[in-house]
Amino acid sequence: MSIVTEKKDSTTDIINGFHKLKFGEAKESRERAIGNFSRLGLPTDRSEEYRFTPITKSLVNNFSWSTELTGSTINSIDEFRIPGLDANILVLINGIYSAKLSNIVSPETQVKITRLSEAFQSDKEVLVQFFDKLVNSEADAFAAMNTAFWTDGLLIHIPANTKVVKPLLVLHINDASASQVISHTRLLVSLESGSEVTILEKFDSIGNQSVFHTFSEEFVIKENAQLEYCKIQNDHGKSYQVANTLMHQSTGSKVNTFTLTLDGQLVRNNFGITIDGESCESHFYGLYLMNKNTLADNHTVVDHRKPNSFSNEMYKGIIDDSAKGVFNGKIFVRPYAQKTNAFQSNRNILISESAKVNTKPQLEIWADDVKCSHGCTTGQLDEEAVFYLQSRGISYKTAKAMLLYAFAAEVLEPIKNETVKNFLDQLISQRLHKDF
């Protein structure tokens with residue numbers, strides 16, 4: 001059977017599955033989204049945005065769209081937590097919020113954390129302003145799928161001038177012990193003027209069955225607000241993940257994001273931010289360390305719409321075995337965004353002869369008084385540097401690990417929470433076999 005036929009059959013199966021389900025919330029947006037999905041269909045290698053990522057083939061070969069989801073037996077989250085981190089913990093299992101396993105310990109009682117299905121009753125004003133405003137389900141099939149099928153999620157509302165002292169740790173756990181898992185979740189975060197919060201997301205699964213997880217996230221950062229955001233993708237299971245993370249930034253706000261991808265059969269991160277105010281500061285860091293036959297695909301869009309703002313983007317990759325990395329970064333500077341400073345860098349190291357990277361940095365500038373640059377490098381480890389370390393009595397294995405670690409660790413520097421930074425450092429060290 002050809003991939004085109006398989007694509008059509010799977011698209012039809014997914015649409016038929018939608019019409020069999022009964023949803024209580026957001027019916028209009030769901031109907032629009034499934035119409036968009038029907039028009040778009042699952043992307044093939046002819047799709048420009050997915051041509052290096054054979055996700056449709058992976059879904060066709062590994063998932064049955066008619067399988068009923070079984071319940072989960074998870075009754076403890078200890079193995080999924082970040083050791084030593086004092087945080088508010090929010091847990092979603094197979095896409096469903098678990099109040100029993102979540103733990104809100106922060107004293108800031110004015111911060112509103114609401115299960116998304118309940119928010120349609122209790123927080124309609126916030127939802128009308130922000131829900132489904134940034135995710136583009138008209139252009140991306142997986143954004144449309146998520147908007148149509150989302151089962152649960154969270155609304156996090158930070159009032160004006162509120163500093164949330166303890167981070168919010170969102171644990172996405174999929175239990176594939178008894179059957180495959182197909183889950184779709186949403187996260188809506190609103191930071192009012194002058195507020196400040198750190199949000200961490202961590203993805204894990206248990207069991208030997210396959211997991212397909214889509215999630216869409218909308219962050220609205222108002223004037224002078226500050227957001228620290230970290231995404232940790234280290235799922236050792238048979239996980240296929242598509243993330244759509246969209247942000248809107250207003251005047252005087254600051255955003256610092258970090259994405260670490262270490263594992264997962266196929267991980268696609270769509271990240272987009274609209275810098276829609278003056279004097280904004282935005283930093284985006286990413287690190288993907290892939291081995292075996294895994295694939296990590298990072299697509300980023302930074303859209304400068306107002307003058308006098310700064311953005312800096314740095315993504316690095318270390319690819320081993322038969323793994324593959326993809327980076328596609330776009331920066332837009334609109335005509336009124338004069339005095340913009342925007343920088344983008346993608347650097348990659350290939351460890352094995354069969355490792356692959358496809359990278360495509362892009363700039364589109366319609367303003368003339370700006371400072372912008374972009375660039376990418378792909379190569380192998382510097383053997384002269386390895387030889388130099390060996391000449392100082394260091395073994396080849398240790399010299400290699402030292403150089404790779406130095407290359408990777410640079411992107412950890414901006415992370416402010418020392419517990420989180422140490423945890424990420426340990427994950428990277430384990431992957432790179434650092435023993436010095």
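In terms of modelled atom types and a separation under 3.5 Å, the side chain of K324 and the main chain of F52 share a donor-acceptor contact. Looking only at distances, no side-chain donor or acceptor of S10 sits under 3.5 Å from a matching main-chain atom of V60. Under the 3.5 Å distance criterion, the side-chain polar atoms of S205 are left unmatched by any main-chain donor or acceptor of D175. Proximity of a side-chain donor or acceptor of S47 to a complementary backbone N or O of T44 within less than 3.5 Å is not detected. Checked by atom type and distance alone, the side chain of R186 never pairs as donor or acceptor with a backbone atom of L154 at under 3.5 Å. Using modelled atom types, one side-chain atom of R30 and one backbone atom of W150 make a donor-acceptor pair closer than 3.5 Å. Checking side-chain atoms of R305 against main-chain N and O of D276 turns up no donor-acceptor pair under 3.5 Å. For S429 (side chain) and D425 (main-chain N/O), a donor-acceptor pair under 3.5 Å exists by modelled atom type.
Closest approach of R347 to F407, counting heavy atoms only: O-CZ, 3.6 Å. Across Q209 and K238, no two heavy atoms sit closer than the pair O-CB, 4.0 Å. Nearest approach of I158 to T162, heavy atoms of both residues: CG2-O, 3.8 Å. L101 approaches S98 most closely through the heavy-atom pair N-OG, 3.2 Å. Considering every non-hydrogen atom in both Q344 and Q362, the closest pair reads OE1-N, 3.8 Å. Residues S279 and S309 come closest through the heavy atom pair N-OG, 3.5 Å.
When only modelled atom types and interatomic distance are considered, D204 and H172 share no side-chain donor-acceptor pair under 3.5 Å. Judged purely by distance below 3.5 Å, without hydrogens or angles, the side chains of T274 and H304 never pair a donor atom with an acceptor atom. Side-chain contact annotation: N146 with S216, donor-acceptor N/O pair under 3.5 Å present. Judged purely by distance below 3.5 Å, without hydrogens or angles, the side chains of Q226 and S253 never pair a donor atom with an acceptor atom. K306 and T251 form no side-chain donor-acceptor contact under 3.5 Å, judged by distance and modelled atom types alone. One side chain, D297 or T53, offers a donor N or O that lies under 3.5 Å from an acceptor on the other. The closest side-chain donor-acceptor pair between N269 and N298 falls under 3.5 angstrom. Judged purely by distance below 3.5 Å, without hydrogens or angles, the side chains of E218 and H248 never pair a donor atom with an acceptor atom. Under the 3.5 Å distance criterion, with hydrogens and angles disregarded, a donor-acceptor pair is assigned to the side chains of T359 and N346. Side chain to side chain, T151 and H184 fail the donor-acceptor criterion of an N or O pair below 3.5 Å.
Salt bridge status for E228 with K416: present, with a side-chain N to carboxylate O gap under 4.0 Å. For the pair K292 and D320, the salt-bridge criterion is not met [side-chain N within less than 4.0 Å of a carboxylate O]. The pair E201-K231 does not count as a salt bridge, with every side-chain nitrogen at least 4.0 angstrom from each carboxylate oxygen. A salt bridge does not link E364 to K330: none of the charged nitrogens lies less than 4.0 Å from a carboxylate oxygen.
Dense packing is recorded around CZ of F23, with more than 12 heavy atoms of other residues, nucleotides or ligands lying under 6.0 Å away. For E138, the CD atom sits in a loose shell: 12 or fewer heavy atoms of surrounding residues, nucleotides or ligands are nearer than 6.0 Å. Within 6.0 Å of NZ in K254 there are 12 or fewer heavy atoms belonging to other residues, nucleotides or ligands. For K339, the NZ atom sits in a loose shell: 12 or fewer heavy atoms of surrounding residues, nucleotides or ligands are nearer than 6.0 Å. Within a 6.0 Å sphere centred on CG of D369, other residues, nucleotides and ligands contribute more than 12 heavy atoms. With a 6.0 Å radius and a threshold of 12 heavy atoms from other residues, nucleotides or ligands, E278 has its CD atom above the threshold.
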Should Y229 and F258 be marked as a ring pair (Phe, Tyr, Trp, His ring centres under 6.0 Å) after you check the CA-CA gap, both sets of side-chain angles, and the distance that decides it?
CA-CA 6 Å; Y229 173 73; F258 177 74; over 10 Å; no

Applying side-chain hydrogen bond (donor to acceptor under 3.5 Å, both in side chains) to E192 and H157, what does each step give before you reach the verdict?
CA-CA 8 Å; E192 297 295 341; H157 184 219; 3.0 Å; yes

Could you give me the CA-CA distance, side-chain angles and deciding distance for L90 and L169, then say whether side-chain contact (heavy atoms from CB on, under 4.5 Å) is met?
CA-CA 6 Å; L90 306 165; L169 172 60; over 6 Å; no

Step by step, work out the side-chain hydrogen bond (donor to acceptor under 3.5 Å, both in side chains) result for S239 and Q265.
CA-CA 5 Å; S239 175; Q265 287 295 308; over 6 Å; no

How far apart are the C-alpha atoms of T245 and E217, what are their side-chain angles, what is the distance that settles it, and do they pass the side-chain hydrogen bond (donor to acceptor under 3.5 Å, both in side chains) test?
CA-CA 5 Å; T245 303; E217 306 166 309; 2.5 Å; yes

Derivation and outcome, side-chain contact (heavy atoms from CB on, under 4.5 Å), residues N341 and V370
CA-CA 6 Å; N341 292 338; V370 300; over 6 Å; no

Can you list the steps and then say if L85 with L200 is a side-chain contact (heavy atoms from CB on, under 4.5 Å)?
CA-CA 11 Å; L85 180 66; L200 315 168; 3.5 Å; yes

As a quick check of understanding, evaluate side-chain contact (heavy atoms from CB on, under 4.5 Å) for T198 and L168, giving each step before the final call.
CA-CA 6 Å; T198 296; L168 304 180; over 6 Å; no

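Annotation: Y50 is in aromatic contact with F142 [ring centroid separation under 6.0 Å]. Between H213 and Y240, the gap from one ring centroid to the other reaches at least 6.0 Å. You'll find the ring centres of F149 and F18 inside the 6.0 Å limit.
No side-chain heavy atom of I273 sits under 4.5 Å from any side-chain heavy atom of D303. Considering only heavy atoms from C-beta on, V333 comes within 4.5 Å of I331 through its side chain. Counting heavy atoms from C-beta on, the side chains of L227 and V197 come closer than 4.5 Å. Residues S311 and F343 fail the side-chain proximity criterion, which asks for heavy atoms closer than 4.5 Å. Counting heavy atoms from C-beta on, the side chains of T257 and C230 never come closer than 4.5 Å. F37 has its side chain within reach of L42: a pair of non-hydrogen atoms, C-beta onward, lies under 4.5 Å apart.
Ring pair W65/F212 is perpendicular by interplanar angle, where above 60° counts as perpendicular and below 30° as parallel. The aromatic rings of F327 and Y315 are tilted relative to each other, their planes meeting at an angle between 30° and 60°.
One finds the CZ atom of F215 at 6.5 Å from the OG1 atom of T185 (value rounded to the nearest 0.5 Å).
No option in T300, N328, N244 other than N244 meets the side-chain hydrogen bond (donor to acceptor under 3.5 Å, both in side chains) test with N270.
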